[in-house]
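A quick write-up on the structure given underneath.
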Amino acid sequence: MERGEAAPSPAAEEKGRGEEDDDFGYRLFPDRNKKPQSFLVRSLFTFHNRCQLMLRMTLDTNPYAQLLLEAMKQSGCTVFNDRHFSCENCDGCVSGGFDSATSQIVLCQNNIRHQSHMNRVVTHELIHAFDHCRAHVDWFKNVKHLACSEIRAANLSGDCTLMNEITRFKFGLKGHHQTCVRDRAIRSILAVRKVSKETAEKAVDEVFDACFNDLEPFGRIPHSKTDAKRAYRDFQNRDRYNANL
């Protein structure tokens, strides 16, 4: 899940986090439980129009998203805009989410305000969708599975680029990228699971090395659009090579 910049509230941290009342983060996406509105009604809202336009721009031009879409297609999980993306109003602390029950990416139209943010959210959630496609991820019961996908999403989506970290007023030298990935993975888990911070940290730490080094389908950590374009080109060449074997 793509977190907003607000940290988890202290009240939420202090409440009991028993699994029996875990809603798996659906409280953050209230429109998930509402009756779908007609296209005419939705088109009257500026947020929805803007979200749809930015989504189309991302899918058409962003190399991160294009690579992931191609990789999912190659894995037998073709993504369709109208079916697999939904612009909705969300809680103020999140920007997007992946609903594994419906294989649908939720884009928080009230919280995504500019194109670069949309690019990052779509990429982040597509990584979750890619993981869902290629592996038997137990999103609801195995926190280590969730932790692994959150690590990969933070690592490969551009969440932790130098410029993004500067805008968060976070600076560091050696090992800062890994620190950012770890911190954002923990925050994402806490947003959608009623577990303690210690449980989230333990899950992330136990799978961190393996999942941080799982760079599929990029083959590298794309620190910029240039890196992402190069990774997309390499992926296309790899597919052509395999097709000729």
Side-chain angles (χ1 to χ4, degrees), residues 1-2 24-26 29 32 36 51-52 54-88 95-108 118-159 181 185 188-189 192 207 210-222 225 227-245:
M1 184 194 73
E2 169 70 14
F24 303 110
Y26 280 99
F29 306 96
R32 294 272 87 189
C51 178
Q52 290 287 345
M54 288 194 294
L55 170 61
R56 174 49 56 193
M57 179 67 72
T58 296
L59 298 181
D60 288 345
T61 67
N62 185 262
Y64 290 86
Q66 289 174 328
L67 190 158
L68 285 159
L69 291 171
E70 184 65 25
M72 290 189 67
K73 182 178 180 180
Q74 293 292 328
S75 298
C77 300
T78 300
V79 176
F80 298 98
N81 185 3
D82 294 338
R83 162 66 181 87
H84 294 107
F85 292 95
S86 180
C87 290
E88 302 177 8
S95 301
F98 175 65
D99 186 350
S100 60
T102 60
S103 296
Q104 195 168 50
I105 289 172
V106 182
L107 301 170
C108 298
M118 176 64 79
N119 293 343
R120 195 168 71 248
V121 174
V122 169
T123 301
H124 184 111
E125 303 307 336
L126 276 174
I127 292 169
H128 291 322
F130 176 75
D131 288 346
H132 185 69
C133 173
R134 70 170 181 154
H136 298 292
V137 182
D138 188 347
W139 299 99
F140 299 110
K141 294 182 180 179
N142 194 323
V143 70
K144 289 184 182 180
H145 286 192
L146 174 62
C148 187
S149 193
E150 292 294 357
I151 290 166
R152 281 176 32 76
N155 188 29
L156 301 173
S157 67
D159 288 351
V181 169
S188 291
I189 293 171
V192 298
V207 301
C211 299
F212 183 84
N213 289 302
D214 180 358
L215 305 179
E216 285 298 312
F218 290 89
R220 70 188 75 202
I221 299 175
K225 275 192 174 182
D227 287 344
K229 288 178 180 178
R230 188 176 298 114
Y232 184 28
R233 187 165 57 248
D234 290 346
F235 182 84
Q236 290 175 311
N237 290 335
R238 179 174 63 181
D239 287 343
R240 294 190 187 104
Y241 174 79
N242 291 337
N244 291 326
L245 290 178

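Keep in mind the model is a prediction, meaning the values are calculated, not measured. Computed over heavy atoms, backbone and side chain alike; hydrogens, waters and symmetry mates excluded. Nothing fancy with the numbering, it's 1 onward along the sequence.
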State which residues pass side-chain hydrogen bond (donor to acceptor under 3.5 Å, both in side chains) with Arg134; sequence neighbours excluded, sorted by chain then number.
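So Arg134 forms a side-chain hydrogen bond (donor to acceptor under 3.5 Å, both in side chains) with Asp131, Asp214.
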Return the set of residues passing side-chain hydrogen bond (donor to acceptor under 3.5 Å, both in side chains) with Asp138 (not counting sequence neighbours), or none when no residue passes.
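Asp138 satisfies side-chain hydrogen bond (donor to acceptor under 3.5 Å, both in side chains) with no other residue.
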With sequence neighbours excluded, residues passing side chain to side chain contact (heavy atoms under 4.5 Å, CB included) with Leu59:
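If we apply the side chain to side chain contact (heavy atoms under 4.5 Å, CB included) test to Leu59, skipping adjacent residues, the hits are Leu55, Arg56, Leu69, Asn81, Phe85, Val122.
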Going by side chain to side chain contact (heavy atoms under 4.5 Å, CB included), name the residues that satisfy it together with Lys229, two or more places apart in sequence or in a different chain.
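Counting only residues at least two positions away or on another chain, Lys229 forms a side chain to side chain contact (heavy atoms under 4.5 Å, CB included) with Pro63.
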Consider side chain to side chain contact (heavy atoms under 4.5 Å, CB included). Of Leu68, Leu67, Leu156, which one does Leu126 pass it with?
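Result: among Leu68, Leu67, Leu156, Leu68 is the only option passing the side chain to side chain contact (heavy atoms under 4.5 Å, CB included) with Leu126.
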Under the criterion side chain to side chain contact (heavy atoms under 4.5 Å, CB included), which of Leu107, Asp159, Thr58, Ile105 is the partner of Val121?
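Exactly one pass, corresponding to Leu107.
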Derivation and outcome, side chain to side chain contact (heavy atoms under 4.5 Å, CB included), residues Asn155 and Ile127
CA-CA 10 Å; Asn155 188 29; Ile127 292 169; over 6 Å; no
Rounded to the nearest 0.5 Å, what's the gap from [atom1] on [X] to [atom2] on [Y]? Could you check?
X      : Y      : atom1 : atom2 : result
Ser188 : Glu150 : OG    : CD    : 4.0 Å
Arg220 : Arg230 : CZ    : CZ    : 6.0 Å
Asp234 : Asn237 : CG    : CG    : 6.5 Å
His132 : His145 : NE2   : NE2   : 13.5 Å

Checking Tyr232 now: which residues fulfil ring pair (Phe, Tyr, Trp, His ring centres under 6.0 Å) with it, not counting sequence neighbours?
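In terms of ring pair (Phe, Tyr, Trp, His ring centres under 6.0 Å), with neighbours along the sequence ignored, Tyr232 is linked to no residue.
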Would you please test Phe212 and Ile221 for side chain to side chain contact (heavy atoms under 4.5 Å, CB included) and show each step?
CA-CA 9 Å; Phe212 183 84; Ile221 299 175; 3.9 Å; yes
Starting from the C-alpha separation in whole Å, work towards a yes-or-no answer on side chain to side chain contact (heavy atoms under 4.5 Å, CB included) for Asn62 and Met118.
CA-CA 10 Å; Asn62 185 262; Met118 176 64 79; over 6 Å; no
Return yes if some donor-acceptor pair links the side-chain N/O of Arg152 with the main-chain N/O of Asn213 below 3.5 Å, else return no.
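A pair under 3.5 Å: no.
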Do any N or O atoms from the side chain of Gln104 and from the backbone of Phe98 form a donor-acceptor pair under 3.5 angstrom?
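Such a contact is absent between Gln104 side chain and Phe98 backbone.
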Does Asn119 reach the side chain of Lys225, with side-chain heavy atoms less than 4.5 Å apart?
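Yes, at least one pair of side-chain atoms sits under 4.5 Å.
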Tell me, do Phe130 and Cys77 make a side-chain contact under 4.5 Å, heavy atoms counted?
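A side-chain contact is absent here, since even the closest heavy-atom pair is not under 4.5 Å.
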[X] to [Y] - nearest heavy-atom pair and separation:
X      : Y      : answer
Ser103 : His84  : O-CD2, 3.1 Å
Tyr64  : Gly158 : CE2-N, 4.4 Å
Cys133 : Met72  : CB-CE, 4.3 Å
Ala147 : Val207 : CB-CG2, 4.1 Å

Considering residues at least two apart in sequence or located in another chain, which fulfil the salt bridge (charged side-chain N to carboxylate O under 4.0 Å, His left out) criterion with Lys73?
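Lys73 satisfies salt bridge (charged side-chain N to carboxylate O under 4.0 Å, His left out) with no residue once adjacent residues are dropped.
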Tell me if the aromatic rings of His124 and His128 count as close, with their centers under 6.0 Å from one another.
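Between His128 and His124, which both carry aromatic rings, the centre distance is below 6.0 Å.
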Do we see a donor-acceptor contact under 3.5 Å between the side chains of Gln66 and Glu70?
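Gln66 vs Glu70: no donor-acceptor pair found between side chains.
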Would Ser100 and Phe140 satisfy side chain to side chain contact (heavy atoms under 4.5 Å, CB included), going step by step from the backbone distance to the final call?
CA-CA 9 Å; Ser100 60; Phe140 299 110; 3.4 Å; yes
